[in-house]
Amino acid sequence: MAVPHPSPLSGASYSSVELLEGNDAMVMLEQRKLPLVEEYVTIRTAAETAAAIRSMVIRGAPAIGIGAAYGMVLAAQVIRGADARGFVDGMTAAASVLVAARPTAVNLAWAVDRMLVLARRIAETPGGHRVDVLADAARKLHRDDVAACRALGVFGAIHIPDGATVLTHCNAGALATGGYGSALGIVRAARDAGKRVRVLADETRPYLQGARLTAWELMRDGIDVEIITDGMCGHFLARGEIDVVVVGADRVARNGDVANKIGTYGVACLAHLHARPFLVAAPMSTLDPRTPDGAAIPIEERSSEEVTRIGEMTIAPLGVRARHPGFDVTPARYVTWLVTERGAVKGVDAGTLMV
């Protein structure tokens, strides 16, 4: 399915994931092929959903939460004729498969838990009605994420000076959310407020989300963007060419520690050293009061081949070992502002964050 798919829910010119009419399939934007190919793949089961999330067809904490919610709808469609007990058992099994797909991003488990609670509540209703109720809930979750990102964008834009150069790391834009963006939502909101803003996008090794995805989004939006390698961040901070750093998050622990794409911690340290504001943009669904601090956040270990290869090209000696933690943790003390749809918080800790 290689056609553009405008999003009726996101309000953007594209969306990374949508549940189709009929509630028996969804489409995902194949992000591994961007920026060269814009292609959507069709997903019909919870197992296919989990596989797509695990293999990075779709990525970004809010987006995979939305995709998993739609995956629960697909599971309900498959077992719609089951009795109440069979329906609950089937939905519980689907939830387990989806949650196991990627462990660090808390939005995934958050969305699946919400859908599973609803599935248990409506188990006694007729099969078709079950699917419709779950589909309505999943689409609302999608709309709510877009609204949350738009709101946090407005709060975050206050902290972007006119004429600022913003450093980003990874991709926390429309592709990673319901269709507007968390970190890039702040950039978009600053632009829409009439501020002049330009972006330096870290390439974000080893998966190159910054080079492939952030640059693609910003160019489509007409926002001035240049790519830099991850190792250039300190150079440009030292030269005074970066005014503020804005990143997303995959999980925020109760004490304010932030898990985000690998490399974020180093960027935060450099921003702190050079006295530049470090903003973390995260909808409330990314905040996890059950995790006390960053040390308790599970860090996904991904394939070493994602380090030793770029696409089909091998860039390292055959047989060499490589490490690939997908995320790192930035301590709360390095976060200048945590921006959610409820506002921006400075001096993040357990007493101010989880309200």
Side-chain angles (χ1 to χ4, degrees), residues 10-14 60 62 145-204 209-211 213-228 232-233 235-249 258 260-261 264 267-268 270-272 274-284 286 330 334-348:
S10 70
S13 58
Y14 55 89
D145 177 77
V146 177
C149 286
R150 289 186 178 276
L152 74 81
V154 172
F155 287 121
I158 296 169
H159 303 287
I160 306 297
D162 185 26
T165 295
V166 177
L167 177 72
T168 64
H169 189 76
C170 196
N171 171 261
L175 294 170
T177 63
Y180 186 71
S182 53
L184 294 192
I186 291 176
V187 173
R188 289 184 169 106
R191 188 273 309 271
D192 293 344
K195 295 181 177 181
R196 294 163 299 149
V197 60
R198 63 188 295 268
V199 173
L200 291 183
D202 271 351
E203 62 178 349
T204 322
Q209 295 98 323
L213 306 179
T214 294
W216 180 80
E217 284 199 39
L218 294 177
M219 289 184 71
R220 284 172 64 107
D221 275 4
I223 295 173
D224 187 10
V225 59
E226 291 180 299
I227 297 167
I228 63 173
M232 295 177 184
C233 168
H235 169 76
F236 287 112
L237 280 165
R239 289 169 57 94
E241 295 191 33
I242 295 169
D243 299 294
V244 58
V245 180
V246 183
V247 301
V258 175
N260 194 49
K261 184 53 58 184
T264 302
V267 172
L270 286 166
H272 179 76
H274 292 89
R276 291 295 184 268
F278 184 86
L279 277 63
V280 173
M284 292 296 295
T286 306
T330 297
Y334 291 149
V335 177
T336 312
W337 293 97
L338 175 67
V339 188
T340 77
E341 65 268 35
R342 296 184 183 178
V345 179
K346 190 173 186 178
V348 177

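Please read all numbers here as calculations on a predicted model, not as lab measurements. One is the number of the first residue; the rest follow in order along the sequence. Heavy atoms only: backbone and side chains are in, while hydrogens, waters and symmetry mates are out.
- Considering CE of M219 and CG of D224, their distance stands at 10.0 Å, rounded to 0.5 Å.
- Here the closest heavy-atom approach between residue G178 and residue D145 is recorded as N-OD2, 2.6 Å.
- When the options T204, N171, D202 are evaluated for a side-chain hydrogen bond (donor to acceptor under 3.5 Å, both in side chains) with T214, the one that passes is N171.
- One N or O on the side chain of E217 and one on the backbone of L175 form a donor-acceptor pair closer than 3.5 Å.
- At a threshold of 4.5 Å between non-hydrogen side-chain atoms, the residues V187 and I223 count as touching.
- Taking 4.5 Å as the limit, every side-chain heavy atom of P62 sits out of range of all side-chain heavy atoms of S182.
- Taking both residues in full, the closest heavy atoms of L152 and V339 are given as O-CG1, 3.3 Å, listed atom of the first, atom of the second, then distance.
- Side chain of K195 to main chain of A157: a donor-acceptor pair is present (N/O by atom type, distance under 3.5 Å, no hydrogens or angles).
- At a threshold of 4.5 Å between non-hydrogen side-chain atoms, the residues T330 and N260 do not count as touching.
- A search for side-chain contact (heavy atoms from CB on, under 4.5 Å) contacts involving R196 returns D162, not counting sequence neighbours.
- Side-chain contact check for V247 versus C170: every heavy-atom pair is 4.5 Å or farther apart.
- Considering only residues two or more places apart in sequence or on other chains, A215 meets the side-chain contact (heavy atoms from CB on, under 4.5 Å) condition with I227.
- Ion pairing of E241 with R198 is absent here, as no side-chain N (NZ or NE/NH1/NH2) approaches a carboxylate O to less than 4.0 Å.
- Side chains of V267 and F278 form a contact here, defined as non-hydrogen atoms less than 4.5 Å apart.
- Closest approach of A201 and G210 over heavy atoms only: CB-O, 4.2 Å.
- Taking 4.5 Å as the limit, every side-chain heavy atom of F236 sits out of range of all side-chain heavy atoms of L167.
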side-chain contact (heavy atoms from CB on, under 4.5 Å) for T286 and T340? Distances and angles first, verdict last. CA-CA 9 Å; T286 306; T340 77; over 6 Å; no
I160 vs V246, test: side-chain contact (heavy atoms from CB on, under 4.5 Å). Steps then yes/no. CA-CA 9 Å; I160 306 297; V246 183; 4.0 Å; yes
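- When every heavy atom of C233 is checked against every heavy atom of L270, the shortest pair comes out as SG-CD1, 3.9 Å.
- One distance of note links CD1 of I242 with CE of M232; it measures 11.5 Å at 0.5 Å rounding.
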side-chain contact (heavy atoms from CB on, under 4.5 Å), that's the test. Do V258 and T264 meet it? Break it down for me. CA-CA 9 Å; V258 175; T264 302; 5.9 Å; no
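- Here the closest non-hydrogen pair linking I186 and A281 is CD1-CB, 3.8 Å.
- Atoms CZ and CD, on R150 and E341 in that order, are 14.0 Å from each other to the nearest 0.5 Å.
- In this structure, T168 OG1 and K261 NZ are separated by 14.0 Å, a value rounded to the nearest 0.5 Å.
- A heavy-atom distance below 4.5 Å is not found between the side chains of V146 and T177.
- Dense packing is recorded around NE2 of H159, with more than 12 heavy atoms of other residues, nucleotides or ligands lying under 6.0 Å away.
- Heavy atoms only, all atoms of each residue included: G248 and V280 are closest at O-CG1, 3.9 Å.
- Judged as a ring-ring contact (aromatic ring centres under 6.0 Å, His included), and not counting sequence neighbours, F155 has no contacts.
- Checking side-chain atoms of R188 against main-chain N and O of Y180 turns up a donor-acceptor pair under 3.5 Å.
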